[in-house]
Amino acid sequence: MKDFAVVVIAYVPERITRFVKNLENTPFGDVDYDLFFIHNCIENPSIKNRWDPRPKQEVDLVSNTLRSYNGNKIIVERENVGEDLGAYHFAYNLIKHNYKYIFFVNEACSIHQPGWLRYARDFYDSNEYVVALSPQMCRGIAYPYCLPSTY
């Protein structure tokens with residue numbers, strides 16, 4: 001069993017490009033992990049999502065961007081049922097028995113802490129009562145409901 005599965009939802013080409021560049025420049029740390037990109041690439045017109053179906057050109061651009069990332073990765077293409085939360089649910093059920101921890105992150109996130117995944121693993125391993133972490137949101141604006149995360 002590996003330590004981590006890092007699950008990234010892949011949907012918007014520009015955000016994927018920025019996220020992949022961020023991953024290439026921010027070391028994960030010495031951690032046994034698999035990186036999953038979940039691509040909601042199949043649009044079923046009978047399923048009502050918030051957004052209109054994306055054009056094939058945009059879907060292909062995301063696929064090509066994911067394939068161009070040179071790091072260790074697993075690309076999972078799926079029907080867009082439930083958008084991001086549907087993709088996270090799908091990924092969880094696909095991989096839940098193979099990893100000690102699952103780290104869900106959105107393509108819009110930016111990781112700034114070198115060794116961020118090692119830090120998350122060490123934090124979990126040394127805090128038995130912690131079962132989940134969340135990234136710091138709100139672009140640095142302080143709100144009472146925004147909590148900083150370990151990355």
(request) Report, as yes or no, whether the 6.0 Å neighbourhood of atom NZ on Lys56 holds more than 12 heavy atoms from other residues, nucleotides or ligands. (result) no
(request) Compare every heavy atom of Asn72 with every heavy atom of Leu35, then report the nearest pair and how far apart it is. (result) CB-O, 3.4 Å
(message) Using side-chain heavy atoms (C-beta onward) and a distance below 4.5 Å, is Leu117 in contact with Tyr33?
(response) yes
(request) Show your working on side-chain contact (heavy atoms from CB on, under 4.5 Å) between Val8 and Ile38 and close with a plain yes or no. (result) CA-CA 6 Å; Val8 183; Ile38 309 298; over 6 Å; no
(message) To the closest 0.5 Å, what do you measure between SG (Cys41) and CG (Asp60)?
(response) 9.0 Å
(message) Applying side chain to side chain donor-acceptor pair (under 3.5 Å), can you list everything that pairs with Glu79, at least two apart in sequence or on another chain?
(response) Asn44
(message) Is any side-chain heavy atom of Phe37 closer than 4.5 Å to one of Tyr69?
(response) yes
(message) In this structure, would Leu66 and Ile42 fall into the same cluster of hydrophobic residues linked by side-chain contacts under 4.5 Å?
(response) no
(request) Answer yes or no: is there an ion pair linking Asp125 with Lys100, defined by an N-O contact shorter than 4.0 Å? (result) yes
(request) Mind jotting down which residue pairs meet the salt bridge (charged side-chain N to carboxylate O under 4.0 Å, His left out) criterion with at least one end in residues 61-74? Sequence neighbours excluded, please. (result) none
(request) Considering non-hydrogen atoms only, spot the tightest contact between Ala87 and Asn40 and give its length. (result) CB-OD1, 3.6 Å
(request) Check the pair Ile95, Val7 against side-chain contact (heavy atoms from CB on, under 4.5 Å), reporting the backbone distance first and the verdict last. (result) CA-CA 10 Å; Ile95 63 177; Val7 177; 3.7 Å; yes
(request) For Asn22 and Ile111, indicate whether the former's side chain and the latter's backbone hold a donor-acceptor pair under 3.5 Å. (result) yes
(request) Could you tell me whether the side chain of Tyr11 reaches within less than 4.5 Å of the side chain of Asn106, counting heavy atoms only? (result) no
(request) Indicate yes or no: at least one non-hydrogen side-chain atom of Phe103 is less than 4.5 angstrom from one of Trp116. (result) yes
(message) Side chains of Glu107 and Val12, heavy atoms from C-beta outward: is any pair under 4.5 Å?
(response) yes
(request) Kindly indicate whether the side chain of Asp3, heavy atoms from C-beta on, has any atom under 4.5 Å from the side chain of Arg118. (result) no
(message) Using 0.5 Å steps for rounding, measure from the OH atom of Tyr92 to the NE2 atom of His89.
(response) 9.0 Å
(request) For the residue pair Tyr99 and Asp32, confirm or rule out a side-chain donor-acceptor distance under 3.5 Å. (result) no
(message) Contact between Pro13 and Glu58 at the side-chain level, heavy atoms closer than 4.5 Å - yes or no?
(response) yes
(request) Could you tell me the separation between the CG atom of Asn64 and the CD atom of Gln57, rounded to the nearest 0.5 Å? (result) 10.5 Å
(request) Check the hydrophobic clustering (I, L, V, M, F, W, Y; side-chain heavy atoms under 4.5 Å; chains of links allowed) and say if Val105 and Val20 are grouped together. (result) yes
(message) Check this for me: Asn127, atom CG, are more than 12 non-hydrogen atoms of other residues, nucleotides or ligands nearer than 6.0 Å?
(response) yes
(message) On a heavy-atom basis, which atom in Ile9 and which in Ile16 lie closest, and how many Å separate them?
(response) O-CD1, 4.1 Å
(message) What's the separation between atom SG in Cys109 and atom CZ in Arg18, rounded to the nearest 0.5 Å?
(response) 10.0 Å
(request) Compare every heavy atom of Gly86 with every heavy atom of Arg78, then report the nearest pair and how far apart it is. (result) NH2-O, 3.5 Å
(request) For Asp34, enumerate each residue passing the salt bridge (charged side-chain N to carboxylate O under 4.0 Å, His left out) test, keeping only those at least two apart in sequence or located in another chain. (result) Lys2
(request) For residues Ser68 and Thr65, report the shortest heavy-atom separation together with the two atoms involved. (result) OG-O, 2.7 Å
(message) With ring pair (Phe, Tyr, Trp, His ring centres under 6.0 Å) as the test, pick out the partner of Phe104 among Phe4, Phe90, Tyr88.
(response) Tyr88
(message) If you define the side chain from C-beta out and look only at heavy atoms, does anything of Val59 sit under 4.5 Å from His39?
(response) yes
